[in-house]
Protein chains: 2
Amino acid sequence: MSSFRAQKMAKKKQEILRSAAAVLVEKGYQGTTMEEISAKLLMTKGSMYYYFKNKDDLLYQCHLMIMEICLDGIEKVVDSDCNPIEKLKRAIKEHILLATSEKAMFMALAKPNHNFSKEQLQEVLELRKSYSHYFDRIINEGIDKQVFDRLDIKMVRLIILGALNWIQEWYDQSGPQTAEEIAEVYADYLLKMVVKE
Amino acid sequence: MSSFRAQKMAKKKQEILRSAAAVLVEKGYQGTTMEEISAKLLMTKGSMYYYFKNKDDLLYQCHLMIMEICLDGIEKVVDSDCNPIEKLKRAIKEHILLATSEKAMFMALAKPNHNFSKEQLQEVLELRKSYSHYFDRIINEGIDKQVFDRLDIKMVRLIILGALNWIQEWYDQSGPQTAEEIAEVYADYLLKMVVKE
DNA sequence: ACGAATTTTAAACATAGGTTCAAAAAATAA
DNA sequence: TTATTTTTTGAACCTATGTTTAAAATTCGT
């Protein structure tokens with residue numbers, strides 16, 4: 001029935017979110033205009049307001065969208081029955097592949113601080129915390145099972161996620177290395193940092 | 001003579017650059033207004049134009065300023081006569097201490113892409129490349145002297161600098177850990193990744 | 001095909017913020 | 001002090017862009 005309409009609206013919203021994320025990549029929040037977002041979809045900027053309350057609302061929903069994808073990915077890894085080494089490897093690779101293939105969306109997450117309402121900011125930070133927490137669980141498991149060194153979990157997680165997130169700053173689709181290759185090497189080296197020898 | 005005048009002018013320029021960097025931290029390039037920069041110094045935005053051609057020029061000079069400081073630091077480390085392990089440790093710590101103490105300036109460097117002229121962008125990227133190159137030299141020396149594993153130098157450098165640069169995203173002056181403590185732990189763990197066992 | 005609901009448009013509006021400029025103020029030299 | 005140079009001011013200007021809105025176009029059920 002009306003769910004047909006609702007579906008169509010949802011789809012359009014997704015399109016807009018993706019377009020928004022794409023522009024956000026290169027321009028940053030303040031540099032992104034409603035005009036540019038809509039132009040990519042052959043719409044006029046006015047029509048954005050049929051789907052979103054305003055620009056801030058749009059960006060906020062960008063965050064929710066990508067965070068959901070990230071959390072889905074890592075949840076699967078954590079809940080799998082691999083050993084910690086394999087889990088950490090997979091988590092790292094997963095993160096890199098997501099960060100590079102969905103580069104647009106990922107970069108939008110870089111600085112959520114501004115322009116968000118207290119509640120929105122709260123929500124975004126909460127989701128991030130969940131994500132970090134999954135990494136902590138993997139590292140902790142590795143230490144428990146004595147396959148990782150006794151490490152400062154938080155520090156190690158910050159180092160790893162820092163290294164991973166920074167990839168967005170230099171990764172280039174048309175560069176010499178594929179995301180898979182990068183993921184392979186990164187996982188390899190970063191594991192060297194944590195596994196017992 | 002007039003060098004007195006020139007000095008005073010230079011000093012004022014520095015003040016403005018620092019104020020600009022401070023605002024840039026939290027607002028990003030597009031979010032930073034000439035008004036806010038000048039307000040911090042109890043000036044009016046109009047007077048900025050006595051010292052800088054325009055906003056872009058101002059931000060560009062911010063870049064040059066901080067890059068100079070960075071390069072000075074790492075040059076000293078590279079030219080010292082420590083062993084590669086010590087050098088890499090010191091380079092990492094130096095970077096972290098700079099990035100945290102001069103957080104403002106450092107973050108301004110995050111995304112130099114936009115709004116810069118071709119020449120300005122060229123210059124900034126060139127300086128960055130020099131900086132990376134110093135890290136490469138240290139890593140290379142470590143491999144040559146057989147104290148480091150045979151590594152993909154570029155990848156390792158990207159991992160290390162990524163981890164370091166990401167610190168800005170979460171580091172909090174009033175947080176539980178001092179920059180020194182963070183630097184210590186980071187250097188420790190990252191070294192684990194490269195040194196031969 | 002017809003009418004109602006939905007979606008898009010294009011223009012108008014409002015405002016923020018970069019930039020300019022002539023005049024005022026302050027600093028300096030004589 | 002007086003004249004000249006340097007610095008700051010504050011208002012004016014202009015453009016970009018977020019937002020609103022009434023009308024037009026489209027879609028959809030019947």
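Chain naming here is simple, since letters A, B, ... match the order of the sequence lines and numbering starts at 1 in each.
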Chemist: Have a look at B/Ser38 and say if it touches a base, only the backbone sugar-phosphate, or nothing, with a 4.0 Å heavy-atom cut-off.
Modeler: nothing
Chemist: Rounded to whole Å, please give me the gap between NZ in A/Lys55 and P in D/dT20.
Modeler: 14 Å
Chemist: When you compare the protein's N or O atoms with those of nucleotides 13-15 of chain D, which come within less than 3.5 Å of each other, and at what distance?
Modeler:
none

Chemist: From the set D/dT9, C/dG18, C/dT7, return the single nucleotide nearest to any side-chain atom of B/Thr44.
Modeler: D/dT9
Chemist: So B/Tyr131 and B/His95, would you call those rings parallel, tilted or perpendicular, with 30° and 60° as cut-offs?
Modeler: tilted
Chemist: Of the nucleotides C/dT19, D/dT7, D/dT19, which one has an atom closest to the side chain of B/Asn54?
Modeler: C/dT19
Chemist: How many whole angstroms separate atom CD1 of A/Ile16 from atom P of C/dT8?
Modeler: 8 Å
Chemist: Base, sugar-phosphate, or nothing: which does A/Leu42 touch, judged by heavy atoms less than 4.0 Å apart?
Modeler: sugar-phosphate
Chemist: Considering every strand and a 4.0 Å limit on heavy-atom distances, what is the contact class for A/Ser47: base, sugar-phosphate, or nothing?
Modeler: base
Chemist: Can you find a side chain N or O atom of A/Lys8 that sits less than 4.0 Å from OP1 or OP2 on D/dC28?
Modeler: yes
Chemist: Please state how far atom NZ in B/Lys12 lies from atom P in D/dT7, giving the value in whole angstrom units.
Modeler: 10 Å
Chemist: Report the distance from atom CE of A/Met48 to atom P of D/dT21, rounded to the nearest whole Å.
Modeler: 18 Å
Chemist: Can you confirm whether A/Lys55 is buried at NZ, in the sense that more than 12 heavy atoms of other residues, nucleotides or ligands lie under 6.0 Å from that atom?
Modeler: yes
Chemist: How many Å lie between CZ on B/Phe52 and P on D/dT7, as a whole number?
Modeler: 13 Å
Chemist: Between A/Arg90 and A/Glu86 (salt bridge meaning N to carboxylate O under 4.0 Å), is one present in this structure?
Modeler: no
Chemist: When you measure from the side chain of B/Glu181 to the backbone N and O of B/Thr178, does any donor-acceptor pair fall under 3.5 Å?
Modeler: yes
Chemist: Between CG of A/Asn54 and CG of A/Leu58, what distance do you get to the nearest 0.5 Å?
Modeler: 8.5 Å
Chemist: Enter the distance from A/Leu161:CG to A/Phe135:CZ here, rounded to the nearest 0.5 Å.
Modeler: 5.0 Å
Chemist: Would you say a side-chain N or O of A/Tyr51 is under 4.0 Å from OP1 or OP2 of C/dT8?
Modeler: yes
Chemist: Is there a donor-acceptor pair under 3.5 Å between the side chain of B/Lys87 and the backbone N or O of B/Arg137?
Modeler: no
Chemist: Both B/Met43 and A/Gly46 contact DNA chain D. Which one's nearest nucleotide lies toward the 5' end?
Modeler: B/Met43
Chemist: Mind calculating the distance between CE (A/Met34) and C1' (C/dA10) to the nearest angstrom?
Modeler: 16 Å
Chemist: Please report, rounded to the nearest Å, how far the C1' atom of C/dA12 is from the NZ atom of A/Lys45.
Modeler: 11 Å
Chemist: For C/dT7, does either OP1 or OP2 sit under 4.0 Å from a side-chain N or O belonging to A/Tyr50?
Modeler: yes
Chemist: Return the value, rounded to whole Å, for the distance between atom CD of A/Gln7 and atom P of D/dC28.
Modeler: 13 Å
